Amino acid sequence: MSLPTVAELTERCAALFAQWRVLDTRIEVAWNDRLTTTAGRAFQKRGRIELNPKVLARAPDQVSMVLAHEAAHIAAFRLFGANIPAHGRHWRSLMRLAGHEPAVTHDIPVDDLRAAARARPRRATFVYLRVCDACGDRQLMAALRYGRCGGCDARDSFLVMKARAGAAGRAALERLTLAQVRAAFG
Ligand SMILES: [Zn+2]
Ligand SMILES: [Zn+2]
C-alpha cells in the first residue's frame, strides 16, 4: 500500500475541519522522514502537521487515525484555546466525532509500533491497556470495559492505550509506565 500524497492528506484535513466546524481551516501537512520517535506531530499555532513516512509505511492502515489525531490537536486549539490538556475531553470528543477511538496508539514507541505492525493478526483486533489515573491500577483487556476501578473504586478515571492484538502489541502495552501513559494524555 502506498502512502497518501500531501494533497490527499490536506483534503482529508479539510473534511475533518468541516466536520468539526472549525472556521479557520488553514493547514499545512508534510511528510518528514527525520521524525524518529513518533508517527506524527502537530504544531498548533502554525497549523502544521508532520507525519513519519518510515513508521506509517509499515502501518499504512494507521495513517487516517494518526492524521485525525494530529488534526484534532490543531482543531482543539482553534476551538477551545491553548489551556486544555493535550488528550483531554475536548480532543477526545473530536476524535470520536471523526470515528476514531480516542486512544493514543501512536505514542507507543516507534520500534514497538513496527513490531506490532509486522506481527499483525489476520483480523484487525486490538488489545487495550486500561490504567486508573487515580490509583495506577492496570488491566490488559481484549474487550474494553469502563465503570468502577477494582483498585480504588474511582469511576471513569481511566486512561486507555490501544495496540494491535498479538504478542508484540501486548508487550508494547505492558512496557508502558504509568508516567508514559499520563504523559500521552497530557
Ligand atoms: Zn497527541
Ligand atoms: Zn483506581
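Whatever order the structure lists them in is the order used to number ligands and atoms, beginning at 1. Values in this document were obtained by computation on a predicted structure and should not be read as measured data. One-based numbering along the sequence shown.
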Decide side chain to side chain contact (heavy atoms under 4.5 Å, CB included) for V131 and L129; before the verdict, give the C-alpha distance in whole Å, the side-chain angles of both, and the deciding distance to 0.1 Å. CA-CA 6 Å; V131 181; L129 174 68; 3.8 Å; yes

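- Only protein atoms were considered; those of element N, O or S under 2.8 Å from the Zn ion (ligand 2) number 4.
- Here H73 contributes NE2 and H69 contributes NE2, and at the Zn ion (ligand 1) these two atoms make an angle of 100°, given to 10°.
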Considering only distance and modelled atom types, tabulate donor-acceptor pairs under 3.5 Å from the side chains of residues 167-174, sequence neighbours left out.
none

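- Listed by chain and residue number, D137 satisfy the side-chain hydrogen bond (donor to acceptor under 3.5 Å, both in side chains) test with Q139 (two or more places apart in sequence, or in another chain).
- Formation of a donor-acceptor pair under 3.5 Å by the R130 side chain with backbone atoms of L140 is not found in this model.
- Under the rule for a side-chain hydrogen bond (donor to acceptor under 3.5 Å, both in side chains), R96 has no partner lying at least two apart in sequence or in another chain.
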What's the verdict on side chain to side chain contact (heavy atoms under 4.5 Å, CB included) for M141 and V127, showing C-alpha distance, side-chain angles and the deciding distance? CA-CA 6 Å; M141 309 175 135; V127 59; over 6 Å; no

